[in-house]
Enquirer: 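This is the structure I have questions about; it appears just below.
Start at 1 with the first residue, then count along the sequence.
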Amino acid sequence: MAEVDVEPAVTNIPKINAGKHLGFAWGPGDILVYETLYKSSVCPFIHEVRKDEDIYSPILRKLFNESHHIFVGLQTIREDLPSKNRKSQFVSISKNYRSVIRACMEELQQVAVSTRDADVATRHGNQVSILLATELIWNLCEVLFIDAAPAGSLLLHLLDWVRLHKADVDEKAREVLQSESPAEHNDYWDVVVSYVLQGRLEEARQMLVKQATLQPAARNMYKLMDTLLSKMPFYNPSGTQTPTEFEVKWRHWHDEVDRCLQDNSFASNRHLELICKILVGDEDTLLEHKDLLSTWYHFLVTRLLFCHPTVKPTELHYYAQSCMTMFLDARSVPEPLDSILLAAFEFDIHQVIKDCSIALNNWWFVAHLTDLLDHCKLLQSHNLHFGSNLREFLLLEYASGLFTHHSLWQLAVDYFDHCPEFGRVYLELQIERVPLDTEHKALKVLRICEQRQMSEQVRSICKIMAMRALRNNRLGSALSWSIRAKDAAFATLISERFLQDYCARGTFSDLDLIDNLGPAMLLSDRLTFLGKYREFHKLYGEKRFREAAKLLLSLMTAKIAPRSFWMTLLTDALPLLEQKEVSLEITVLFPPLLALARNLAMAIVKEGTVES
């Protein structure tokens with residue numbers, strides 16, 4: 001951003017004494033808390049309580065900046081493109097949003113680990129947890145709603161989803177493989193079983209080879225397990241096989257695994273027998289390994305992998321509900337994250353958005369996800385009772401929060417621009433609240449208003465800046481702002497000040513501005529006089545006396561000169577009368593003026609003689 005991002009000063013909030021009442025004033029990004037009962041001799045305290053602390057985090061500001069670019073790009077996607085092309089673009093945009101989330105999450109994690117400040121570590125750790133949940137939900141919405149994978153492909157996407165969010169297996173695997181004897185490491189079998197639970201069978205096979213070499217007597221048993229793992233079919237969306245043909249092939253494989261279990265082929269090795277039970281989808285065995293699954297939705301995907309690999313989207317809600325019920329303790333209450341994921345599996349988009357709005361600590365997630373889903377034509381039927389739709393309502397809330405920040409407010413402008421119903425009204429209200437701390441910032445705000453033909457706001461900004469400049473005796477800046485505001489009365493006032501300064505000092509300030517007024521000088525008579533009078537001085541300085549005299553005469557006769565300046569104009573005429581050619585012309589055209597000027601000259605001479 002153009003402004004330097006600095007943290008606003010923190011105000012300590014003292015305890016409110018007993019017997020005092022509190023009042024509240026709600027704003028888009030904060031709350032004002034004030035005491036309503038106080039002694040007349042004591043001023044009440046006013047406290048600002050921030051609702052959205054995230055906009056003050058330097059790392060999370062990157063999230064807001066980067067996602068803004070993605071949002072603006074999304075609005076440019078043409079609606080007349082073929083649906084297949086649009087879908088691929090929407091999936092790509094969704095992945096871009098998630099990559100921004102993950103980049104911020106990684107940076108926050110690095111700071112949390114490296115800092116020595118316990119409070120900073122805790123705060124960043126909490127933010128990492130929120131972003132993890134955010135990315136988890138977004139990724140599932142991408143799979144179910146945006147990509148809308150059909151049966152067969154659906155499970156592959158869900159496997160990728162679980163693997164991405166259960167990365168502790170890889171860390172544990174590295175520790176095992178880097179040890180002197182991986183097959184004898186305490187976590188060896190946990191890694192193997194975890195690989196199987198995630199459907200990462202090739203990696204499980206590679207790990208089992210290390211165990212097989214240590215047990216030559218059990219080589220055939222390991223070879224049989226390796227065969228079962230290698231033969232497990234996975235659906236190939238780009239292949240020629242139909243989902244029905246795949247399911248027949250998968251059933252044959254599943255029956256083969258089940259026969260091995262019934263034949264007690266692995267009875268002498270409890271680890272291989274455990275893997276075999278997982279492969280047949282034995283629910284009791286899966287539930288015995290909650291510690292490795294860690295979540296009910298991991299349990300769901302594993303259960304689908306080994307029991308229902310061609311699950312249809314419409315069947316997901318049934319399996320999701322049963323898996324959550326089986327996995328969670330009957331006495332425990334589901335966490336907000338559980339409810340949100342369950343609503344997604346039930347394809348209840350509006351419930352997902354509603355629950356996220358309540359559970360998450362800012363509007364960023366719901367605003368951007370809802371905007372993307374709306375572009376996918378998934379929210380068309382949901383209008384709110386006060387005239388706006390859900391997408392616009394959430395974008396307005398998010399952008400209003402950004403406007404409370406000293407530099408992020410600039411991003412909010414684009415969000416308001418893409419809210420056709422109320423965006424303009426919100427922008428007009430919010431732009432007036434932006435503190436015009438510097439002229440540079442004022443010009444930035446002014447440019448935004450001018451680009452959108454917000455004439456009332458343009459005038460207001462220019463008047464504020466003109467008054468400020470006038471108070472600081474910066475006449476040039478004040479005149480420039482009054483011209484931009486097209487404020488004739490104020491331009492007249494400042495022109496008077498310029499003329500007063502000239503009378504006092506004999507010179508003009510801000511010559512560049514006055515010399516280049518151009519058509520702007522027509523804004524008011526006094527400004528016209530100022531510009532033309534300065535032009536007279538330039539002609540005189542260039543010894544173009546005839547032209548200077550004509551201009552001076554026109555100023556005297558046009559009746560736009562202030563009365564207080566008439567004497568100055570007559571005084572300016574005296575040197576011109578010494579020029580014979582000019583004097584003759586003035587005598588012919590304006591004989592009374594010549595007499596008046598000569599009398600003035602004689603008076604000046606007499607006054608000088610008396611004084612001497």
Enquirer: Do side-chain atoms of Lys62 reach the backbone of Cys104 as a donor and acceptor pair under 3.5 angstrom?
Expert: no
Enquirer: Quick check against the 3.5 Å criterion: does Arg86 have a side-chain atom that pairs as donor or acceptor with the backbone of His375?
Expert: yes
Enquirer: Would you say Asp374's side chain and Thr370's backbone share a donor-acceptor pair under 3.5 angstrom?
Expert: no
Enquirer: Would you say Thr122's side chain and Ala118's backbone share a donor-acceptor pair under 3.5 angstrom?
Expert: yes
Enquirer: What pair of heavy atoms forms the shortest contact from Trp138 to Ser94, and how long is it?
Expert: NE1-OG, 2.8 Å
Enquirer: Measure the shortest side-chain to side-chain distance between Val162 and Leu159 over non-hydrogen atoms and say whether it is less than 4.5 angstrom.
Expert: no
Enquirer: Output yes when Glu428 and Arg452 qualify as a salt bridge under the 4.0 Å nitrogen-oxygen rule, no when they do not.
Expert: no
Enquirer: So, does Trp409 use its side chain to make a donor-acceptor pair with the main chain of His406 at under 3.5 Å?
Expert: yes
Enquirer: Begin with the C-alpha distance, continue with both residues' side-chain angles, and end with the deciding distance and a verdict on salt bridge (Lys or Arg N to Asp or Glu O under 4.0 Å) for Asp417 and Arg424.
Expert: CA-CA 7 Å; Asp417 281 346; Arg424 170 85 176 200; over 6 Å; no
Enquirer: Just by distance, no angles: are the side chains of Thr115 and Asp117 close enough, under 3.5 Å, to form a donor-acceptor pair?
Expert: no
Enquirer: So, for Asp338 and Met324, which heavy atoms are closest and what is the spacing to 0.1 Å?
Expert: CB-SD, 4.0 Å
Enquirer: Heavy atoms, side chains only, cut-off 4.5 Å: are Ser524 and Asp487 in contact?
Expert: no
Enquirer: Compare every heavy atom of Leu395 with every heavy atom of Ala367, then report the nearest pair and how far apart it is.
Expert: O-CD2, 3.8 Å
Enquirer: In terms of the angle between their ring planes, are Trp161 and Tyr297 parallel, tilted or perpendicular, with boundaries placed at 30° and 60°?
Expert: tilted
Enquirer: Ignoring hydrogens and geometry, is there a side-chain-to-backbone donor-acceptor pair from Ser460 to Glu456 under 3.5 Å?
Expert: no
Enquirer: Would you check if the side chain of Thr404 reaches a backbone N or O of Ser400 as a donor-acceptor pair within less than 3.5 Å?
Expert: no
Enquirer: Are a donor atom and an acceptor atom from the side chains of Glu135 and His165 found within less than 3.5 Å of each other?
Expert: yes
Enquirer: Quick one: closest heavy-atom pair of Phe490 and Ser482, and the distance?
Expert: CD2-CB, 3.7 Å
Enquirer: Which heavy atom in Val366 sits nearest to a heavy atom in Leu394, and how many Å separate them?
Expert: O-CD1, 3.8 Å
Enquirer: Is it the case that the side chain of Glu392 and the backbone of Glu421 share a donor-acceptor pair, with hydrogens and angles ignored and the cut-off at 3.5 Å?
Expert: yes
Enquirer: Could you grab the distance from atom CD of Glu315 to atom OG1 of Thr310, nearest 0.5 Å is fine?
Expert: 7.5 Å
Enquirer: So, applying side-chain hydrogen bond (donor to acceptor under 3.5 Å, both in side chains) with Tyr415, which one of His68, Glu397, His368 is it?
Expert: His368
Enquirer: Do Arg468 and Glu439 sit within salt-bridge range, that is, some charged N less than 4.0 Å from a carboxylate O?
Expert: no
Enquirer: Report yes if some heavy atom in the side chain of Leu373 is under 4.5 Å from a heavy atom in the side chain of Arg391; otherwise report no.
Expert: no
Enquirer: Which distance, rounded to the nearest 0.5 Å, do you find between the CD of Gln410 and the CD1 of Ile448?
Expert: 6.0 Å
Enquirer: If we ignore angles and hydrogens, is there a donor and acceptor under 3.5 Å between the side chains of Gln89 and Asn85?
Expert: no
Enquirer: Would you check if the side chain of Asn472 reaches a backbone N or O of Ala469 as a donor-acceptor pair within less than 3.5 Å?
Expert: no
Enquirer: Of all the heavy-atom pairs spanning Leu475 and Ile494, show the shortest one and how long it is.
Expert: O-CG2, 3.8 Å
Enquirer: Answer with yes or no whether the side chains of Asp371 and Gln75 bring together a donor and an acceptor at under 3.5 Å.
Expert: yes
Enquirer: Is the shortest distance from a Lys or Arg side-chain nitrogen in Glu535 or Lys532 to a carboxylate oxygen in the other one below 4.0 Å?
Expert: yes
Enquirer: For the rings on Phe403 and Tyr426, is their centre-to-centre separation under 6.0 Å?
Expert: no
Enquirer: Yes or no on ring pair (Phe, Tyr, Trp, His ring centres under 6.0 Å) for Phe345 and Tyr319, after CA distance, side-chain angles and deciding distance?
Expert: CA-CA 9 Å; Phe345 283 122; Tyr319 294 115; over 10 Å; no
Enquirer: Can Tyr97 and Phe71 be said to form a ring pair (Phe, Tyr, Trp, His ring centres under 6.0 Å), step by step?
Expert: CA-CA 9 Å; Tyr97 274 127; Phe71 169 83; 8.2 Å; no
Enquirer: Between the main-chain N or O of Ser477 and the side-chain N or O of Ser480, is there a donor-acceptor pair closer than 3.5 Å?
Expert: no
Enquirer: Any luck finding a side-chain donor-acceptor pair between Glu432 and Gln457 under 3.5 Å?
Expert: yes
